[in-house]
Amino acid sequence: MTNAVQAYAYAGPSTLTAGRLALSTSGGRTARGPLSHPRFFSGLLTEAAPAAAGLLAVANVAQARYDRPAPTFSRDPVVTCNGDRLRFESFSACGGVYARLDVLERALDGEVVDLGTTNVDVNGPLREALARVGGADPLHLGVGRDELAVTTLDGAVVEKKVPLPERWLRGFAEVQLVTAGFDLRAELSGPEATRFLRTLPRRVGSTLWAVPSGRSLRLTAGPAPGAVCLPGPDRLATMLTLLRFARTLRLYGPARPDAAVASAWELELPGMRYVLTLSPDSGRSFSTEGAVLRTLASDDAADDADLVGALLAFEPRVEPDLLAERSGIDASRVRAALTQLGAAGRVGYDTAEAGYFHRELPYDRDRVAAMNPRARAARELADGGAVRLDGPDRALVTSGDQVREVRGTACTCPWWARHQGQRGPCKHVLAVQIMKGAQA
């Protein structure tokens, strides 16, 4: 797996001293453009203990490997200031768990200095300090260079060179596409959520199903009507440290799944939400899902994405109808453009509000395409004249010395035979889609 090394440059380490939580930022994009050390927020966290525990949980996911025990590099969470909230996001080292803490307006009492996205330093001493924050402790939060409690006269930079696997970057693109198809499937009160989560089996790699039963959930070994897939119960472990603050547990997933699928688990805390999205299997990274591939095959949607992307302004909730009015294109094209923007990391998806939100991750559409070899290979097949359309629903694709038959979204290649469309389309199906798009 190729690694993309990104240098995080901090003016100093993040600290928690005398009730002041100072989160140091690296370079990021703001509403005013790129800044080397953006400053987003300064004020009080009105719910100090759950905020400290939630931030620590997001950081712990960033260090975890759920597919197998193995040493990992430290990865710094991404923070986005959307004006009325702060969103902290991370991905597990194995790529199969996405975590997000949304600190909402009612838990913030201070000044929003700017809007944007950056990385924040979460170091060892800060972790230890966060773990000691109690319910009555005041907590002042500063996100930005100016909030540092420790500085140096010569402005020395604390620099981390962190190998970020490409699957970590691709995972952010994939997870928003996957969760955009989710609906609320079950909801538990705080006490029922605590009882359910604490009694989950801890078998690594097992896949279970949670079925609504009265006020709680019961577990089954296979799909059932109304069930939500729970692939790897052990991957919900970071929720256990938050149960003393839990008010509600909500489960999100697709309708009527008949096989293991991804799911989202949202714990509502005082003034905030902690969300874990699980890939369909403990050993399966979101980066291999292939959901973004169909969007990368559409040139029209890519052009619309450039237009729609220019209109985004770090909104906490992106309104497609409003964007349609401002851009002059219809809402269906705006939604396709948002899918493209998600593939470039420029929007995420919030299942609680059933809508997209704007953020900027450090990669763009072209880089996403380059990181997906199937999309690149499909483009080469289409541009090289390897696709012959033979009717509205059949095509022949010459790949090397083999001719593959494509019917709809199915193909005769080994990839399709192995995955049956569960990991996105093969390069031959994508090549046919590109050709049909070019002739439309």
Side-chain angles (χ1 to χ4, degrees), residues 47 49-58 60-61 66 85 87-89 92 96-104 106-107 135 175 178-204 206-257 260-280 282 349-355:
E47 299 288 350
L55 179 57
L56 188 58
V58 171
N60 286 341
V61 169
Y66 296 96
R85 70 196 65 187
R87 299 183 191 268
F88 297 88
E89 300 176 273
S92 64
V97 177
Y98 164 74
R100 193 179 75 245
L101 176 70
D102 295 340
V103 183
L104 305 175
R106 59 185 179 274
V175 77
V178 172
T179 55
F182 287 0
D183 291 313
L184 178 64
R185 299 297 172 193
E187 183 172 325
L188 273 63
S189 66
E192 290 296 335
T194 298
R195 188 175 300 110
F196 174 76
L197 290 172
R198 282 182 174 167
T199 58
L200 283 176
R202 302 289 174 233
R203 297 190 301 273
V204 175
S206 61
T207 296
L208 300 172
W209 298 78
V211 183
S213 178
R215 293 180 298 175
S216 188
L217 300 167
R218 61 181 175 85
L219 295 175
T220 67
V228 176
C229 188
L230 176 51
D234 56 295
R235 296 192 290 173
L236 296 179
T238 54
M239 283 190 167
L240 299 179
T241 61
L242 302 174
L243 289 179
R244 65 188 186 276
F245 311 112
R247 292 184 172 178
T248 308
L249 175 67
R250 298 184 181 93
L251 284 60
Y252 300 86
R256 298 184 298 277
V261 293
S263 59
W265 298 67
E266 172 199 298
L267 202 60
E268 182 183 349
L269 312 171
M272 59 201 76
R273 295 189 292 258
Y274 179 69
V275 183
L276 291 177
T277 304
L278 311 180
S279 68
S282 293
Y349 191 81
D350 187 339
T351 50
E353 300 187 2

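Computed from a predicted structure; not experimentally measured.
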*Asks:* Report the distance from atom CZ of Arg100 to atom CZ of Phe88, rounding to the nearest 0.5 Å.
*Replies:*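 Here the rounded value is 12.5 Å.
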*Asks:* To the nearest 0.5 Å, what is the distance between CG (Leu55) and CE (Met272)?
*Replies:*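 It comes to 10.5 Å.
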*Asks:* Which distance, rounded to the nearest 0.5 Å, do you find between the CG of Asp102 and the CD of Glu268?
*Replies:*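 So the gap between those two atoms works out to 11.5 Å.
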*Asks:* So that I can tick it off, tell me whether Arg202 and Asp234 are bridged by a salt bridge, with the cut-off set at under 4.0 angstrom between side-chain N and carboxylate O.
*Replies:*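 Looking at Asp234 and Arg202, the cut-off is not met.
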*Asks:* As an exercise, state the distance from CG of Leu217 to CZ of Phe196, rounded to the nearest 0.5 Å.
*Replies:*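 Taking CG in Leu217 and CZ in Phe196, the distance rounds to 5.0 Å.
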*Asks:* Under a 4.5 Å cut-off applied to non-hydrogen side-chain atoms, are Leu230 and Trp209 in contact?
*Replies:*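 Contact flag for Leu230/Trp209 side chains = no.
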*Asks:* Could you walk me through whether Val61 and Tyr66 satisfy the side-chain contact (heavy atoms from CB on, under 4.5 Å) test, starting with their C-alpha distance in whole Å, then the side-chain angles of each, then the deciding distance to 0.1 Å, before giving a yes or no?
*Replies:* CA-CA 9 Å; Val61 169; Tyr66 296 96; 3.9 Å; yes
*Asks:* As a quick check of understanding, evaluate side-chain contact (heavy atoms from CB on, under 4.5 Å) for Leu276 and Leu236, giving each step before the final call.
*Replies:* CA-CA 7 Å; Leu276 291 177; Leu236 296 179; 4.0 Å; yes
*Asks:* Which residues satisfy the side chain to side chain donor-acceptor pair (under 3.5 Å) test with Thr238, sequence neighbours excluded?
*Replies:*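 Expected list: Tyr274.
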*Asks:* Do Leu197 and Leu240 touch side chain to side chain, with heavy atoms closer than 4.5 Å?
*Replies:*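 Sidechains of Leu240 and Leu197: in contact.
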*Asks:* Thr277 versus Ser263: any side-chain heavy-atom pair under 4.5 Å?
*Replies:*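 Answer no - side chains too far apart.
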*Asks:* Do the side-chain N and O atoms of Arg235 and Ser279 include a donor-acceptor pair separated by under 3.5 angstrom?
*Replies:*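 Judged by distance alone, the side chains do pair up.
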*Asks:* Can you tell if the side chain of Val103 reaches within under 4.5 Å of the side chain of Arg273, non-hydrogen atoms only?
*Replies:*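 Sidechains of Arg273 and Val103: no contact.
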*Asks:* Quick one: does any side-chain atom of Arg185 pair with a main-chain N or O of Tyr252 as donor and acceptor, under 3.5 Å?
*Replies:*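 No; judged by distance alone, with no hydrogens or angles, the pair does not exist.
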*Asks:* Using salt bridge (Lys or Arg N to Asp or Glu O under 4.0 Å) as the criterion, list what pairs up with Arg244, not counting sequence neighbours.
*Replies:*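 Here no residue qualifies.
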*Asks:* For a 4.5 angstrom cut-off between non-hydrogen side-chain atoms, does Glu47 reach Leu269?
*Replies:*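 Not in contact.
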*Asks:* In Å, rounded to the nearest 0.5 Å, how long is the span from OG1 of Thr351 to CD of Glu266?
*Replies:*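 Here the interatomic distance stands at 5.5 Å.
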*Asks:* Between Thr207 (side chain) and Pro231 (backbone), is there a donor-acceptor pair under 3.5 Å?
*Replies:*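 No: the side chain of Thr207 does not pair with the backbone of Pro231.
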*Asks:* Find the distance between CD (Glu187) and CG (Leu249) and round it off to the nearest 0.5 Å.
*Replies:*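 Interatomic distance, Glu187 CD to Leu249 CG, rounded to 0.5 Å: 9.0 Å.
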*Asks:* Does the side chain of Pro270 reach to within under 4.5 Å of the side chain of Arg247, using non-hydrogen atoms?
*Replies:*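 Pro270 reaches Arg247 side chain to side chain.
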*Asks:* Before accepting this row, confirm whether a basic side-chain N of the pair Glu353/Arg250 lies closer than 4.0 Å to the acidic partner's carboxylate O.
*Replies:*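 No.
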